[in-house]
Amino acid sequence: MNKHLLYIFLFLSTIQKFHSQEETTVSALSLPVRNSLKFNRYALNPTFTFVREQNKYISLTNKRQWAQFEGAPETYLFSYSGRFKENIGAGVAVFQQNHGVFTNFGGVLNFAYNAVLDRYSNLTFGLNIGAYQSGINDGKIIVHFENDNALQNIPSSLLLTVNPGINYGTDFFDFGISINNLVSYNISNSKIIEENPEQGIQAHVMYTGYMDSRGFFDESKFTLLARSEFKKDQTVLSGIAMLIVPKGIWGQVGYNTLYGASGGVGFNLSKNIAVEYNYEQSLGDFSALGNAHEISIAYKFKNNERYDYGDEEEERSIFTPSKKKPTKPTNSGKISKEERERLAEEAQARIEERKALAEARAQERLRLAEERKAKVEAAEKARQEEISERARIAAEKVRKAAEDRKRLALEKEMAEAKAKAEAEAEADRLAKEKAEQGRTGREKAEADRLAREKAEADRLAREKTE
């Protein structure tokens, strides 16, 4: 037993406590209602008071972890939450957590707002704000010595936490993230707590669908949720599967890499009152710590509105009496002709009702298929138009490039012709100048010759005269 208690102490010291800057011991806020997809879903993601919700609930939950040990973690949670308007979900909760001699007492305010993107797409924003007092439960401290009062000297602290989240929902799928303990503020010493092991990012994928069958499971709703929590020192993966039968019964199974496997069952005791029980078994390194028990009692408020993006199936109670009137046998033990005809008419009416329901579902599936086909065709048409536009642009670029090349070639040819013509003209001019220069030289030489001959004749004439 002492060994087991040591395991618990080490485990709690690792994941449930942290120290502020002034070494004031406080317990981190982490509501352990992780195994239910029916009640208190805002503890999984703050948008879940709206997502896939149709009603409002008051619920009281008790979770006892490792129940066989004295002083094991225990949580009491009282909440009022659900869908309030077409685009608003909200909730308020009060809780008490006991971890040995440590205790948390406080409350959580939740608000979720949905923005409709189109007929089958929703974007939901959510926020959880928690305020609680963390400290030592003096009533559980046993002092063996006169000066053994170290725990009694630890002051309590008033803390505030903020947890935002977002969810994107389609016909059947939901994708979302949230940040657990994004801000943890110690109001008592006016400081933000920096080392918080419960701070982390959480992501989820959820699928919600309905069974189309006959018999007990006809029109049953099933939900599959996969989550991953990325904390500072560890990553926790988990998954939950839940099946709700319209007769007022549901069951769920899950697995958490840190806490182990879980299973639970719930019943609608009446149209408004329900009870749920969940069992969790530690596995692996924590198998010696044993199991955990969680029980919830809830009251569902009657809702006269039918919201979009919410459950559409009306759950019955397991104790709801049958509306069929018992047949009264005749004295001979045989059913009268009138009774047989009435029963046949009722059976035929039920068959027609089922047929009409099946046809309505088939029409809805056909409508959804046609809408999806239209979307695909529109997308393909847009893609083809985009391809055609790109081809036109490319062809236009090629045409312009060809025209530019032709224009440049023509300009080059004209420039070469012009240069050739100018060169020929320059050659002709030079030839003419050269020819003119040659003619002028010959005439000058002939004039000089004639001038010399005349001068020589004049000289000879003078000599004769003398």
Could you check whether the rings of Phe95 and Tyr132 sit parallel, tilted or perpendicular, using 30° and 60° as the cut-offs?
-> tilted

Taking 4.0 angstrom as the limit, do Arg64 and Glu294 come out as a salt bridge?
-> no

Look at Arg383 together with Glu380 and state whether they make a salt bridge at an N to O cut-off of under 4.0 Å.
-> yes

Within the 6.0 Å centroid threshold, strictly below: Phe173 and Tyr207 = yes

Are any of the side-chain heavy atoms of Val236 and Asn256 separated by less than 4.5 Å?
-> yes

Do Arg83 and Asn55 have side-chain heavy atoms sitting under 4.5 Å apart?
-> no

Go through the steps for Ser81 and Thr49 under the test side chain to side chain donor-acceptor pair (under 3.5 Å), then give the verdict.
-> CA-CA 6 Å; Ser81 63; Thr49 50; over 6 Å; no

Ring centroid separation Phe301 to Tyr299 under 6.0 Å = yes

Are Glu371 and Lys375 ion-paired here, with the side-chain N under 4.0 Å from a carboxylate O?
-> no

Would you call Tyr259 and Arg34 a side-chain contact if the rule is heavy atoms closer than 4.5 Å?
-> yes

Ionic contact status for Glu389 with Arg392, cut-off 4.0 Å | yes

Taking atom CZ of Arg390 as the centre, does the number of heavy atoms from other residues, nucleotides or ligands within less than 6.0 Å exceed 12?
-> no

Would you give the length of the straight line joining atom CD of Gln202 to atom OG of Ser238, rounded to the nearest 0.5 angstrom?
-> 7.5 Å

Take Glu280 and Asn291, measure what side-chain contact (heavy atoms from CB on, under 4.5 Å) needs, and give me the verdict at the end.
-> CA-CA 5 Å; Glu280 187 177 66; Asn291 50 51; over 6 Å; no

Looking at CD1 of Ile244 and OH of Tyr210, how far apart are the two atoms once the value is rounded to the nearest 0.5 Å?
-> 8.0 Å

Should Arg227 and Met206 be marked as a side-chain contact (heavy atoms from CB on, under 4.5 Å) after you check the CA-CA gap, both sets of side-chain angles, and the distance that decides it?
-> CA-CA 9 Å; Arg227 291 197 305 154; Met206 184 169 66; over 6 Å; no

Is the gap between the ring centers of His293 and Tyr279 under 6.0 Å?
-> yes

Residues Asn40 and Thr61: side-chain donor-acceptor under 3.5 angstrom = yes

Short side-chain to backbone donor-acceptor contact, Gln252 and Asn35, under 3.5 Å = yes

Any chance the rings of Phe39 and Tyr57 have centres within less than 6.0 Å?
-> yes

Take Thr124 and Asn114, measure what side chain to side chain donor-acceptor pair (under 3.5 Å) needs, and give me the verdict at the end.
-> CA-CA 4 Å; Thr124 309; Asn114 183 70; 2.7 Å; yes

Where the side chain of Asn110 meets the backbone of Pro46, is there a donor-acceptor pair that is under 3.5 Å apart?
-> yes

Check ring-ring contact (aromatic ring centres under 6.0 Å, His included) between Phe84 and all other residues, then give those that pass, not counting sequence neighbours.
-> Tyr80

Do Val253 and Ser262 come within less than 4.5 Å of each other through their side chains, counting heavy atoms only?
-> no

Can we say Lys231 and Glu198 salt-bridge, meaning some charged N sits less than 4.0 Å from an Asp/Glu carboxylate O?
-> yes

Tell me, with the steps shown, if Asp171 and Arg372 meet side-chain contact (heavy atoms from CB on, under 4.5 Å).
-> CA-CA 12 Å; Asp171 277 355; Arg372 293 190 182 97; 3.1 Å; yes

Between Ser270 and Asn272: side-chain donor-acceptor atoms closer than 3.5 Å = no

Cut-off 3.5 Å, side chains only: do Gln348 and Glu352 have a donor facing an acceptor?
-> yes

Side-chain donor-acceptor contact under 3.5 Å, Gln96 with Thr103 | yes

Polar contact flag, side-chain donor to acceptor under 3.5 angstrom, Glu276-Ser36 | yes

One should read off an interatomic distance between Leu109 CG and Leu127 CG, to the nearest 0.5 angstrom, of 9.5 Å

Looking only at side chains, do Ser134 and Ser157 share a donor and an acceptor under 3.5 Å apart?
-> no

